[in-house]
Structure formats: structure tokens, C-alpha cells
> 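I'd like to ask you about the structure that follows.
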Amino acid sequence: QVQLVESGGGLVQFGGSLRLSCAASLRIYNNQNIGWFRQAPGKEREGVSCINKNDGNTYYADSVKGRFTISRDNAKNTVYLQMDSLKPEDSAVYFCAADNPYRPFADRCSFLRGDYGHWGQGTQVTVSS
């Protein structure tokens, strides 16, 4: 049963933009915080941005703050990651994930990989210089 599906990746030039989409099942969208992670070759998977399910507060890694925007569309059960001013170092496979709603402090999303139990298949983003 596929519960998270990413789309929107691709090849873009330095300074360009992409918008990633994460379509979630209704159960996940209504009950779990959603985060975006990325993993470049040879590197650890890192948190990029996340959004709380209850209050809609958003959080960003320092490396993307001011350039990326996370948002959600309740009518479509979809979370978006708008990526502007892209740099070659943003190149990675991007994953959306849904966190464990029973963990401590689950009212706030996190950048800890271990807090997330459902993952999408990933979408490749490549930024050329």
C-alpha cells in the first residue's frame, strides 16, 4: 500500500526553481507531520523542512532557509516543497516522510530520521552549475 508519493524532481540550472509534491494517504495527511529529507551520494540523509499537521508551523534547515518553502493543500492531501535559488549542493534524492504520531513531542515535526516511519520512494533533483 503506497502511502506517500513524491513527484516534481528533475534537472535545473543554478539559480533555478523546482516544486516537489508529496501526495499522502488521507490517514497519514490527517494524523502525521510531514517532513522533507534529502540524500546526496556518499552522504547521510538530512532533514530539509517539515510542517506540523495541527498548527501548520514550518521549519527549515539553515542550508535552505530563505530559499525553500514548504506548504500543504488540504483539498489534495499534498505537501509541497518549493525550491528557489537552487545550487549544485542541493542536488540529491529528495524524500518526503510521515512521522510517528505516538512519539514524545509529536505535536512538533522534527529533522530526526528516526522519528519518521513512512517514507516515499524519493525523487531526484539535479542542479547544474
Side-chain angles (χ1 to χ4, degrees):
Q1 182 180 359
V2 178
Q3 303 190 73
L4 293 168
V5 179
E6 303 100 333
S7 62
L11 174 64
V12 65
Q13 289 187 333
F14 177 86
S17 298
L18 282 174
R19 188 179 78 159
L20 305 183
S21 300
C22 173
S25 68
L26 183 61
R27 181 181 64 82
I28 282 182
Y29 189 85
N30 286 340
N31 293 288
Q32 296 165 250
N33 302 318
I34 300 293
W36 281 99
F37 290 74
R38 67 185 181 187
Q39 188 166 18
K43 294 189 176 182
E44 293 289 318
R45 192 171 297 188
E46 63 174 354
V48 173
S49 181
C50 66
I51 185 166
N52 292 344
K53 66 180 185 298
N54 288 333
D55 57 22
N57 283 351
T58 59
Y59 304 90
Y60 300 92
D62 288 342
S63 59
V64 306
K65 203 170 291 183
R67 299 188 299 121
F68 289 12
T69 304
I70 191 171
S71 63
R72 61 187 184 186
D73 184 335
N74 293 336
K76 296 182 178 180
N77 301 339
T78 298
V79 174
Y80 300 99
L81 185 67
Q82 177 66 42
M83 306 186 296
D84 299 317
S85 302
L86 283 163
K87 308 173 182 180
E89 50 263 46
D90 294 318
S91 297
V93 178
Y94 283 71
F95 300 88
C96 68
D99 71 355
N100 174 6
Y102 305 109
R103 63 180 177 85
F105 309 110
D107 57 332
R108 187 198 186 285
C109 63
S110 82
F111 289 158
L112 296 176
R113 184 176 175 179
D115 285 345
Y116 290 78
H118 291 94
W119 293 83
Q121 81 286 356
T123 185
Q124 177 70 47
V125 171
T126 303
V127 184
S128 62
S129 57

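Note: hydrogens, waters and symmetry copies are ignored here, and every other heavy atom, side chains too, is used.
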> Any salt bridge (Lys or Arg N to Asp or Glu O under 4.0 Å) involving residues 21-34? Give me the pairs, sequence neighbours left out, ordered by first then second residue.
none

> Any salt bridge (Lys or Arg N to Asp or Glu O under 4.0 Å) involving residues 120-129? Give me the pairs, sequence neighbours left out, ordered by first then second residue.
none

> Would you name the heavy atoms of Gly47 and Ala61 that are closest together and state the gap between them?
O-CB, 3.5 Å

> Who passes salt bridge (Lys or Arg N to Asp or Glu O under 4.0 Å) against Asp62, sequence neighbours left out?
Lys65

> Per the salt bridge (Lys or Arg N to Asp or Glu O under 4.0 Å) rule, what does the pair list look like for residues 91-103, sequence neighbours excluded?
Asp99-Arg103, Arg103-Asp115

> When Ile, Leu, Val, Met, Phe, Trp and Tyr are grouped by side-chain heavy atoms lying under 4.5 Å apart, directly or through other members, which residues fall in the same group as Phe95?
Phe37, Val93, Tyr116, Trp119

> Mind checking side-chain hydrogen bond (donor to acceptor under 3.5 Å, both in side chains) for Thr126 and listing every partner two or more places apart, or none if nothing turns up?
Gln124

> What distance do Asn33 atom CG and Asn52 atom CG have between them, rounded to the nearest 0.5 Å?
5.0 Å

> Cut-off 3.5 Å, no hydrogens considered: what does the side-chain donor-acceptor table look like for residues 79-89, sequence neighbours left out?
| unit_1 | atom_1 | unit_2 | atom_2 | d |
| --- | --- | --- | --- | --- |
| Gln82 | NE2 | Asp84 | OD1 | 2.9 |
| Asp84 | OD1 | Ser17 | OG | 2.7 |

> Tell me which donor-acceptor pairs under 3.5 Å the side chains of residues 6-15 have, and how far apart each pair is, sequence neighbours excluded?
| unit_1 | atom_1 | unit_2 | atom_2 | d |
| --- | --- | --- | --- | --- |
| Glu6 | OE1 | Gln121 | N | 2.9 |
| Glu6 | OE1 | Gly122 | N | 2.9 |
| Glu6 | OE2 | Cys96 | N | 2.8 |
| Glu6 | OE2 | Gly122 | N | 3.2 |

> To check you understand the geometry: which heavy-atom pair defines the closest contact between Lys76 and Thr78, and what is its length?
O-OG1, 2.8 Å

> So which heavy atom on Trp36 is nearest to which on Ile70, and how close?
CD1-CD1, 3.7 Å

> Just to verify, what does Ala24 make a side chain to side chain contact (heavy atoms under 4.5 Å, CB included) with, not counting sequence neighbours?
Leu4, Ile28, Tyr29

> With sequence neighbours excluded, give me every disulfide bond (SG atoms under 2.5 Å apart) pair touching residues 43-89.
Cys50-Cys109

> With sequence neighbours excluded, give me every ring pair (Phe, Tyr, Trp, His ring centres under 6.0 Å) pair touching residues 47-77.
none

> Pairing donors with acceptors under 3.5 angstrom, does anything connect the side chains of Asp55 and Asn57?
yes

> Name all pairs fulfilling the salt bridge (Lys or Arg N to Asp or Glu O under 4.0 Å) condition that reach into residues 37-53, sequence neighbours left out, sorted by first residue then second.
Arg38-Glu46, Arg38-Asp90

